[in-house]
Number of protein chains: 2
Amino acid sequence: MRAVQDSMDVLNGKWKIPIISSICYYNKRRFSDILHDVEGISNRMLSKELKELEINQLIVRTIQDTQPITVEYTLTDHGKTLQTIINNLTDWGIQHRKKIVGR
Amino acid sequence: MRAVQDSMDVLNGKWKIPIISSICYYNKRRFSDILHDVEGISNRMLSKELKELEINQLIVRTIQDTQPITVEYTLTDHGKTLQTIINNLTDWGIQHRKKIVGR
DNA sequence: CGGCATCCTTACAGATACTG
DNA sequence: CAGTATCTGTAAGGATGCCG
């Protein structure tokens with residue numbers, strides 16, 4: 001009961017899932033790449049969300065020593081375990097849309 | 001990709017999952033019962049959330065012709081299909097808590 | 001009992017500009 | 001490139017009181 005709330009806290013907001021999906025799909029992804037992948041997000045939001053995901057150990061931030069510097073984000077093993085949930089939510093979302101919208 | 005967002009929209013906020021869990025556990029539940037089950041929620045919020053859940057056809061509101069009137073909330077078949085997701089989220093939440101808090 | 005109306009405070013989030 | 005800083009509007013959400 002508290003557990004389910006913990007999960008929702010980690011995934012809350014509009015952006016977490018799209019961000020994770022982006023990184024997951026490309027395996028590793030840079031800040032500006034994600035900024036383009038996730039439609040409508042601002043750099044301010046992306047920055048904040050990435051920080052939260054990092055704190056929750058779902059992603060890893062790696063600074064590349066280039067000029068100018070680039071930063072790569074990858075999923076941790078723990079982050080990858082979200083795949084199941086994302087799939088579940090996707091399936092349910094499709095069913096739900098059929099039920100509600102598709103009448 | 002949009003599908004997963006649809007799901008999150010339906011389950012957004014702090015309260016939807018706890019409310020559904022309450023109704024699910026007791027099978028049917030009254031307004032004031034849920035108010036007690038879900039810790040910290042205000043009647044204003046509960047009222048709003050229940051409406052949204054009803055619009056999304058996850059729960060059904062039934063007025064009992066008693067004096068004073070009582071109102072019962074039950075899950076629809078569609079609402080019951082959330083059980084899997086809730087279970088997944090619960091499992092993941094437990095793992096997550098072990099990983100993050102329990103170090 | 002089961003809400004709705006009102007007021008009010010805070011958190012969320014967009015736009016824009018700026019920095020190392 | 002990868003963010004921070006600031007400013008601001010909106011909406012979420014709590015407290016309280018009232019009503020059928």
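In what follows, every chain begins at residue 1, and chains take the letters A, B, ... in the order their sequences are listed.
- Rounded to a whole Å, the CZ atom of B:Arg29 is 15 Å from the C1' atom of C:dC1.
- For the pair A:Arg61 and D:dG3, the criterion of a side-chain N or O lying under 4.0 Å from OP1 or OP2 is met.
- For A:Ser47 and D:dT4, the shortest distance from a side-chain N or O to OP1 or OP2 is below 4.0 Å.
- For the pair A:Lys48 and C:dC12, the criterion of a side-chain N or O lying under 4.0 Å from OP1 or OP2 is not met.
- Put simply, the side chain of A:Arg97 reaches to within 4.5 Å of the side chain of B:Arg2, judged on heavy atoms.
- Across the protein-nucleic acid pair, A:Leu46 atom CG and D:dA5 atom P stand 16 Å apart, rounded to whole Å.
- Distance CD1 (B:Ile63) to P (D:dG20): 16 Å, rounded to an integer number of Å.
- Straight-line distance from the CD1 atom of B:Ile41 to the P atom of D:dA15: 12 Å, rounded to whole Å.
- Between A:Tyr73 and D:dC1 there is no side-chain N or O to OP1 or OP2 distance below 4.0 Å.
- Ranked by how close their nearest DNA chain D nucleotide is to the 5' end, A:Pro68 and A:Lys51 are led by A:Pro68.
- The A:Thr70 side chain lies nearest to D:dC1 when the options are D:dC1, C:dG14, C:dG2.
- Phosphate proximity of C:dG2 to B:Ser32: present, with a side-chain N or O under 4.0 Å from OP1 or OP2.
- Between B:Leu82 and B:Leu11, some side-chain heavy-atom pair lies under the 4.5 Å cut-off.
- What separates CG of A:Asp37 from P of D:dA2 is a distance of 13 Å, to the nearest Å.
- In this structure, the side chains of B:Val71 and B:Arg61 come closer than 4.5 Å at one or more pairs of heavy atoms.
- Toward the 5' end of DNA chain D, the nearer of the two residues A:Ile69 and B:Glu49, judged by each one's closest nucleotide, is A:Ile69.
- The nearest whole Å value for the distance from the CD atom in B:Glu52 to the P atom in D:dG13 is 9 Å.
- Under the 30°/60° scheme for interplanar angles, the aromatic rings of B:Tyr73 and B:Phe31 are found to be tilted.
- Proximity note for B:Asn43 (side chain, C-beta onward) versus D:dA2, D:dG17, C:dG14: the nearest is D:dG17.
- B:Asn56 places a side-chain heavy atom less than 4.5 Å from the side chain of A:His96.
- With hydrogens and angles ignored, a donor-acceptor pair closer than 3.5 Å exists between the side chain of A:Arg44 and the base of C:dG14.
- Going from atom CE of A:Met45 over to atom P of C:dC12 covers 9 Å, rounded to whole Å.
- The interatomic distance linking B:Phe31 (CZ) with D:dG20 (P) rounds to 18 Å, in whole Å.
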